[in-house]
Structure formats: C-alpha cells, structure tokens
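Scroll down for the structure; my scribbles are underneath it.
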Amino acid sequence: MASTDFGLHPFIDADGDKLREECGVFGVIGARDAAAVTALGLHALQHRGQEAAGITSFDGTEFFTRRGMGHVAENFSTGEAMAELPGEMAAGHVRYSTTGGSGLRNVQPLYADLASGGFAIAHNGNISNAMHLRADLVRKGAIFQSTSDTEVIIHLVATSRYPTMLDRFVDALRLVEGAYSLIVMTNDGMVACRDPLGIRPLVMGRIDEGDCKGATVFASETVALDIVGADFVREVEPGELIEVDFDGSVRSHRPFGTPASRPCIFEHVYFSRPDSISGGRSVYSVRKEIGAQLAIESPADADIVIPVPDSGVPAAIGYAQESGVPFELGIIRSHYVGRTFIQPSDGQRTTSVARKHNANRALVEGKRIVLIDDSIVRGTTSLKIVQMMREAGATEVHMRIASPPTMHSCFYGVDTPERSKLLAARMDVEAMREFIQADSLAFVSIDGLYRAVGEDGRKSKCPKYCDACFTGDYPTRLTDLSERETPQLPLLGEKAA
Ligand code: SF4
C-alpha cells in the first residue's frame, strides 16, 4: 500500500477494533496465463483478507493448486510459483477467517475429485446453517478434510442425485442459508454465483486484449478488474448463476427466482476499497456523502475536521465540505505496522494504536477538533485516539462516526467480535462518549446512511440492504447460531472418526 492512499483502510487491523471482511474471490477463464492474472486480481483484493491466499488452475486436463499463509505477494510473486499453475482457467481466494479457524487446510480454493470430475470452489461469505448441514452429512458418512463452512457445498454437490454438475450445484445451494459469492471451476468451465439476497458482492468483467482476448473475469470488487485491465461488464445479480465455457459462451441462470436483494451496506461504509464501484455507485462518493449527512445531522462548533486515517478520510472530506469547517490531516498513520505487532490482550491492542497513529501536534494544539471515523467496534481505538488528540493539545474533541452504532454480530462473512464485546451493545451513546472520553459523540442515523446510498431512508418493511449489524434485522434464518456467538465449527468429521 502506497503512503498516499488516503481512503483505503489498512491491510492489517492491528487492534482487533475494526470489523473485517473475511474473504475476496477472483476467477478468470480464457486467459493464457490465468494464474498470473488471478494473482494480480487477488493483490487488488488483499484488503479483504490477509491471513492466507490460494490459487487453483486448470490446463484442460488437470487441476493444480498452490495455497499459502500470508499475503498474495508472499505466495505468488515468483516465476517458480506461477509455473506450478498452468492453464487458461484459474480461481483464487484471499481470506481472513473465523469460521473454520486458521490453518492451511482451510485455505481456499478447496478442491475435490468428484465422480463427475474436478470441482474447485472459492467462497466469500458465510454459510449460516453449515453446522447443521455438516452434522447431517457426517451422519451419512461424509469425512471432512477442513473445518471450513465452504466444504459443506462440495459434499452436498458430491451426494446430489441430479445428473449434471450444474443441477447438482443448484441442488446443493438450495440447502444452504447465509451469504455466498462463489467461483467454481469444473472440467467444463467456470461458474460464478451469488446468494439470492446478494449479501456479498461479485462483479463480472471481460478482457479483450493481447493474450487474454476474450477472457471472462469474476471478482469481489471492480478494483480487481481495473488492475488486470478488464472492462466492467456488470454485477452478478443476486441469485444469479453464470456459466462460462472454454469457447467463451456465457449463460445466465436464475434458479432461485428474483427475490428482493439485501446487499451488505457495510461494503459502502468500510469493506470495499473507495476506488471500487458497488451497486452502481462510487464507494468514495458514498463515503463522502455519509460525511455530509453526519454534518447535517450532528454539526459541531469546531476549528478543524480530522479523519482517523485511512478509512475515515472520505467521510471527513464530506463532513468538512458540508459544514464549511476546514479539513486537515491531524493524525498521521504509519504504513509499516505489520502483523508482528498483533497481540491478543486489550492492553497490548491499545499500545498498537500508538504504533500506528501519531498526532500532528503542530496542527492540533489549541484547536477544537471534529474527529471522523468509520465505526466504533470495541471502542479501544477511539479512546486511544481521543487521548492522543488531547495530549497533542486539542481543546475540544468531538467524535463523529460514519455508521450507526454497531450493536449486533455479523453472520454473513464479516468478522465481528461476539456481541458482548461490541461497545454499542453494552452502552448508550452518552455512556460510549464517556468511555472514549470525547466532548461529544454522534453516529450517522440509519436513515442518513440510506440517504448516502441514494435511498429516501430505511424502509423498515422492505429495507434495500442488509444492515443487521446496526438494526438486528437479519435477512436470513440463522439456523445454527444465536446472536451471541461468533460461528465456530467443531471438527465433526474428526469426532465421528
Ligand atoms: Fe454487512 Fe452488517 Fe449485514 Fe454483516 S450484518 S452483511 S456487516 S450489513
């Protein structure tokens, strides 16, 4: 990440005090060096998962897989690595995960030799009834290789009685609840699909140049299309399944009808890169508009507006432009804080904030400031940053947050602490203000957030987005889970053995 990339959130959340997208997926078919294209695409999606990366390729006869812990560049930057992945079709995955835990066996794409041929799958999202499905499959004799929820889909496809691979896949997905954007490779080509509510994003592009002429690309975000030189074609629609053959023919299927979609509104607030286009809107513009809504709803008598870098920057620009209070860089973020510094205890987390952020003392001293951040999760980062501003001489610190209070856990592929650890689940806004030691604290309203994405407000009977972490209104059943727990799959396959 370059030092001038304001608006991007840091690759590493060293504080455990941000919600984290768990995965990014990328796939290409019809490109001569498909794995190299995939590595480049995954690099653009690195912010969606830093724990591990994997690529599977197909050369027309065989499937090849390389997976590793760490960043894409650590695993896929050498000629030797790419030589292990020949073929014109490849799919890749970056992950940060709680479901299934860490470990190479959970790194995707997952692959299986089925009776009908090879089956590789890369998944962004979370199957919220995976535990229930897994227990059922284990009772019937399935032996799981990983603890990933995604492996459930492979077993459901393997045991389906439908004759074609596509029908088996659809049959499997009918049993699955939750969020999934999937890229699947078989001996016949690539299939990309999105769950019926379209909770997690997936876009389609096309490369029509050089060695990649006629290649079809799928990716979690449009930034991955940009980096590989692909033109944006369209979003994979919620509930749509797109099949692409090696001759380049593309077929769209809608096996789940056309239910009302509920894409994740947090993609606009934080997860997606600001240079992505999501739901037809520039993520950067939406973030600025959230800041403008905040300024309208919660003005502050202040001298300067300061973003908490980097993810608070677009909202702070919007707040400053709407309010007329000057935008200034009052906090400078180190871009060299790495994973080495992540420590599990609350005390050490607080220390890592200081390693990552430093006050621009010459600017802040003697000023009344408005601090803009994208969210408050546990509150430890906000507390430390408010303290840092006071120590640098700020006379007043007014905190403004570019999302409503995060009160509920996410079960759709975003890493959230259990509900009891969410500050907003334990305290009202005044108690939160006291906790972070700010002079005032305000969050954008849920209607303000909807206005920023172009709606009139939130329609409670038919909300256009998933906003469950703010409202508790989960758009699917949560068969396996209670709101209080973060999903953790037991090793049912191992217990049964
Ligand atoms: Fe996104 Fe929140 Fe819904 Fe999870 S619960 S999908 S983070 S809006």
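Positions are given from 1, in the same order as the sequence printed here. Side chains are part of it too, since the values below use all heavy atoms of this structure and drop only hydrogens, waters and symmetry mates. All ligand and atom numbering here is 1-based and tracks the order in the structure.
- Atoms of ligand 1 lying under 4.0 Å from any heavy atom of D467, numbered from 1 in the order shown and given with element: 8 (S).
- Listed by chain and number, the residues in a side chain to side chain contact (heavy atoms under 4.5 Å, CB included) with R426 are L423 (sequence neighbours excluded).
- Taking a 4.0 Å cut-off on heavy atoms, R200 registers as neighbouring ligand 1.
- Residue contacts to atom 4 (Fe) of ligand 1: C466 brings no N, O or S atom closer than 2.8 Å.
- In this structure the side chain of F266 never reaches within 4.5 angstrom of the side chain of C410, judged on heavy atoms.
- Listed by chain and number, the residues in a side chain to side chain donor-acceptor pair (under 3.5 Å) with R451 are Q293, E297 (sequence neighbours excluded).
- Considering T476, N124, N126 as possible partners of Y412, the one that fulfils the side-chain hydrogen bond (donor to acceptor under 3.5 Å, both in side chains) test is T476.
- Applying the 4.0 Å criterion to heavy atoms of I199 picks out, from ligand 1, the atoms 6 (S).
- Nearest heavy-atom pair, V152 versus R134, reported as atom, atom and distance to 0.1 Å: CG2-CB, 4.1 Å.
- Among the atoms of C469, no N, O or S atom is found under 2.8 Å from atom 1 (Fe) of ligand 1.
- Against a heavy-atom cut-off of under 4.0 Å, C264 is close to the following atoms of ligand 1: 1 (Fe), 6 (S), 7 (S), 8 (S).
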